[in-house]
Amino acid sequence: MIETPPATLRLRVDTGALGHNWRALDRLSGSASAGAAIKSNCYGLGIEKCLPVLRDAGCKAFYVAHWSEVAGAANHVPAEQIAVLHGPITDTEARYALETGAVPVINTLEQARRWNEAGGGRCHLMIDSGINRLGISLHEVGDPAIAALEVDVIMSHLACADEDSAMNARQLARFRKVLPLITHRAESLANSAGIALGSDYHFDLTRPGLALYGGVPRSELAGTIRQVAFPEVSVIQRRSIEAGETVGYSATWTAKQRTEIAVASLGYADGFLRAWHDGEPHLLRGETRLPIIGKISMDMIVLDCSAMPDLREGDWLSVPYWLPNAAQRSGLSQYELLTILGRRFDG
Ligand SMILES: *Cc1c(COP(=O)(O)O)cnc(C)c1O
């Protein structure tokens, strides 16, 4: 077999920082223990790289969205520790849960009945306390299908935990009201931002996602969370241009003098957006800033590398990627930024 050469974009995952972030969030969860949302390939950073780190740090509760994510996660952690947030919406999925041991999160009365009929057993139960996305409604908690469940973790999800919204206290109150009405072993409400809302929100188990991977959803977490994802790209050409020459589509940039330029393998198809920067857009080599000039192409950007005479084809540059800043500049959420990082980044 002919081996494909390595990609010219790579995503370095600082596993030390990832482990640090989980331990910090576990500590901030007080008497509760932290789980980990690992859906969407660990928010785009790669389950193969991230999951063993979270497991070795001490995490014992993992959340995926889809049943298709179970097998990959079960290569690293016991299936009993994997909860599937979307729940069993077909009999096939319910059977798959029973066969693999992965734990369904029951979100509707129909799912509860399906799970009971399939043979049931340990499951988690999502209560909708106001986000109106997934979970049984408050008026459904008395249904016999719910009473028949063997609920391990009863959970709910906050809609506005990253804001100082009255919604948080309202959801907390609704969640509390339901707890005595359903037999369960453990309780869980907070995502990353919810952990920073204080001990009232911690219950037995927290479910951070974003902050594990370097996102900072609330300023309280700013001093604690470390950057985990470091995108790096190759230089694919270097050239000199004369004063008066232009660079890129629409010829938006004109050289004022003879300029050394480098082309880097990074474009909007890789998730790198024009809106990324407010100040001077740049990539980094060590501490040196290389300004981005002209427009961003599909797979390329051009840099002024006059300050770096030794830069060569094949050298690696790093992309500034502190998520709170990138979000502010791009107008995208930190979640979107993490998960849109192009699939062309070598894992
Ligand atoms: C994704 C998700 C989380 C993690 O949320 P973050 O905001 O990324 O910390 C927790 N709970 C549920 C139900 C989720 O869907």
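Order of appearance sets the numbers: ligands from 1, and atoms from 1 within every ligand.
Considering Trp22, Phe230, Tyr43 as possible partners of Tyr213, the one that fulfils the ring-ring contact (aromatic ring centres under 6.0 Å, His included) test is Tyr43.
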(Q) One pair to check against side chain to side chain contact (heavy atoms under 4.5 Å, CB included): Val105 and Met155. What are the steps and the verdict? (A) CA-CA 9 Å; Val105 176; Met155 60 176 90; 4.2 Å; yes
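Between Tyr96 and Trp67, the ring-plane angle classifies as perpendicular under the 30° and 60° cut-offs. Aromatic ring orientation, His86 versus His66: tilted (interplanar angle from 30° to 60°).
Closer than 4.0 angstrom to ligand 1 lie heavy atoms from Ala37, Lys39, Tyr43, Leu85, Met126, Arg133, His157, Asn191, Ser192, Arg207, Pro208, Gly209, Leu210, Tyr335.
Within the 4.5 Å cutoff, the side chain of Pro104 has no heavy atoms near those of the Val84 side chain. Contact check for Arg122 versus Glu80: side-chain heavy atoms found under the 4.5 Å cut-off.
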